[in-house]
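Down below is the structure, laid out as structure tokens.
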There are 2 protein chains.
Amino acid sequence: MTQEPPPVPSGRVGYLLARAGGRAIRNLNRALEPYGLRSRHYTVLSASAEHGGLSQRELGLVLGVDPSAVVALVDDLQREGLVRRDPHPEDRRTRLVVVTDEGARTLAETRKLARGVDDELLADLDAAEKRTLEELLLRLR
Amino acid sequence: MTQEPPPVPSGRVGYLLARAGGRAIRNLNRALEPYGLRSRHYTVLSASAEHGGLSQRELGLVLGVDPSAVVALVDDLQREGLVRRDPHPEDRRTRLVVVTDEGARTLAETRKLARGVDDELLADLDAAEKRTLEELLLRLR
DNA sequence: TATTGTTATACTCTATAACTATA
DNA sequence: TATAGTTATAGAGTATAACAATA
């Protein structure tokens with residue numbers, strides 16, 4: 001699919017959410033291509049930096065990603081030197097995902113790309129409308 | 001001093017859209033299970049009924065679905081007797097997707113399920129907020 | 001030459017079950 | 001017994017190329 005047509009069947013909200021969300025993900029994937037990353041790598045990197053040293057289980061919960069998928073995503077990020085897996089001081093089963101210096105630099109750069117994707121998606125809304133949209137999205141179940 | 005409204009953390013709206021959209025799709029898929037259909041079958045059936053006899057190419061454009069995927073979806077719906085592929089009166093390459101009587105009945109039933117999924121997703125919003133959200137979603141690029 | 005539908009194919013995403021090592 | 005991480009796997013979604021029939 002490469003075409004992007006406006007007309008919509010029934011104006012259903014779930015359908016509109018799915019389409020807009022899919023577009024956002026595809027646009028971010030395309031923007032991240034030079035980095036060899038996908039949007040889900042970006043969310044893992046971003047959440048790891050924001051919360052500072054989450055376990056993989058916690059990452060999965062926060063991001064709504066299956067634990068087995070977290071493993072693969074962290075594998076990729078670790079291979080690129082963007083995160084480390086540090087031992088948990090008290091629980092030897094657990095491994096804490098920590099962003100490296102290089103990961104922090106990559107995050108700073110890719111964050112700009114994510115902003116750009118959002119800005120383009122929301123280009124026709126004014127500042128107040130953008131805030132309203134985000135607030136409503138946060139209140140969905 | 002007027003409080004500066006919290007800035008929209010750019011890069012976050014796309015993420016929220018993707019998560020909410022994914023939830024909506026999964027919920028609808030689960031609701032449609034008894035019918036042996038997925039959410040994409042529902043959108044094809046719904047658009048075919050609404051526009052009445054679209055070609056497969058037009059269906060793909062309207063729904064943002066790849067033509068090769070439309071073939072598979074229409075195959076499924078046709079096998080279940082929910083749509084027909086009628087010849088185009090003027091262009092023998094084209095096949096018009098037409099909803100059968102049984103398809104119309106199934107659509108009436110599944111539409112209730114789709115509404116239920118939406119209602120649950122939006123349960124914490126009042127009527128005005130629901131309209132606002134839909135209006136904003138329609139204005140995304 | 002271009003377009004519609006179609007087949008084949010490959011890659012990503014999602015979800016589940018089962019295994020290991022620890023607790 | 002239960003939990004964190006891991007591996008393997010299968011199904012669904014997405015995207016591309018190539019082909020036949022027709023325009």
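A note on names: the letters A, B, ... follow the listed sequences, proteins ahead of strands, and every chain is numbered from 1.
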- prompt: Should B:L138 and B:L17 be regarded as members of a common hydrophobic cluster, given that ILVMFWY residues are connected when their side-chain heavy atoms come within less than 4.5 Å of each other, either directly or indirectly?
  reply: yes
message: Is it the case that the base of D:dT22 and the side chain of B:R92 share a donor-acceptor contact (distance under 3.5 Å, atom types as modelled)?
response: no
Specify the separation, in whole Å, of atom [atom1] of [X] and atom [atom2] of [N].
X     : N      : atom1 : atom2 : value
A:H88 : C:dA23 : NE2   : P     : 11 Å
B:L61 : C:dT4  : CG    : C1'   : 12 Å
B:E90 : C:dT4  : CD    : P     : 14 Å
B:R30 : D:dA12 : CZ    : P     : 15 Å
B:L59 : C:dT6  : CG    : C1'   : 15 Å
B:R57 : C:dA2  : CZ    : P     : 16 Å
B:R95 : D:dT22 : CZ    : P     : 11 Å
B:E58 : C:dG5  : CD    : C1'   : 13 Å

- request: Using a strict cut-off of less than 4.0 Å between a Lys/Arg side-chain nitrogen and an Asp/Glu carboxylate oxygen, indicate whether B:R115 and B:D118 qualify as a salt bridge.
  value: no
message: Salt bridge or not between B:D124 and A:R139? Use side-chain N to carboxylate O under 4.0 Å.
response: no
Derivation of the salt bridge (charged side-chain N to carboxylate O under 4.0 Å, His left out) call for A:E134 and B:R12: CA-CA 8 Å; A:E134 188 187 18; B:R12 220 174 136 204; 3.1 Å; yes
message: Both A:T94 and A:D75 contact DNA chain D. Taking the nearest nucleotide for each, which residue is further toward the 5' end?
response: A:T94
message: Go nucleotide by nucleotide along DNA chain D from the 5' end; which of A:Q56 and A:R93 gets its closest nucleotide reached first?
response: A:R93
- request: Only one of A:L45, A:L54, A:L59 passes side-chain contact (heavy atoms from CB on, under 4.5 Å) with A:V97; say which it is.
  value: A:L59
query: At under 4.0 Å, does any side-chain N or O of A:R85 touch on OP1 or OP2 of D:dT6?
result: yes
message: Would you say that A:Q56 contacts A:R85 through its side chain, given a criterion of any heavy-atom pair below 4.5 Å between the two side chains?
response: yes
- prompt: Considering only heavy atoms from C-beta outward, does the side chain of B:V44 approach that of B:V65 to under 4.5 Å?
  reply: no
When you compare the protein's N or O atoms with those of nucleotides 9-16 of chain C, which come within less than 3.5 Å of each other, and at what distance?
from   : atom 1 : to    : atom 2 : distance (Å)
C:dT12 : O3'    : A:R38 : NH2    : 3.2
C:dC13 : OP1    : A:R38 : NE     : 3.3
C:dT14 : OP2    : A:R40 : NE     : 2.9
C:dT14 : OP2    : A:R40 : NH2    : 2.8
C:dA15 : OP1    : B:R26 : NE     : 3.4
C:dT16 : O4     : A:S68 : OG     : 2.8

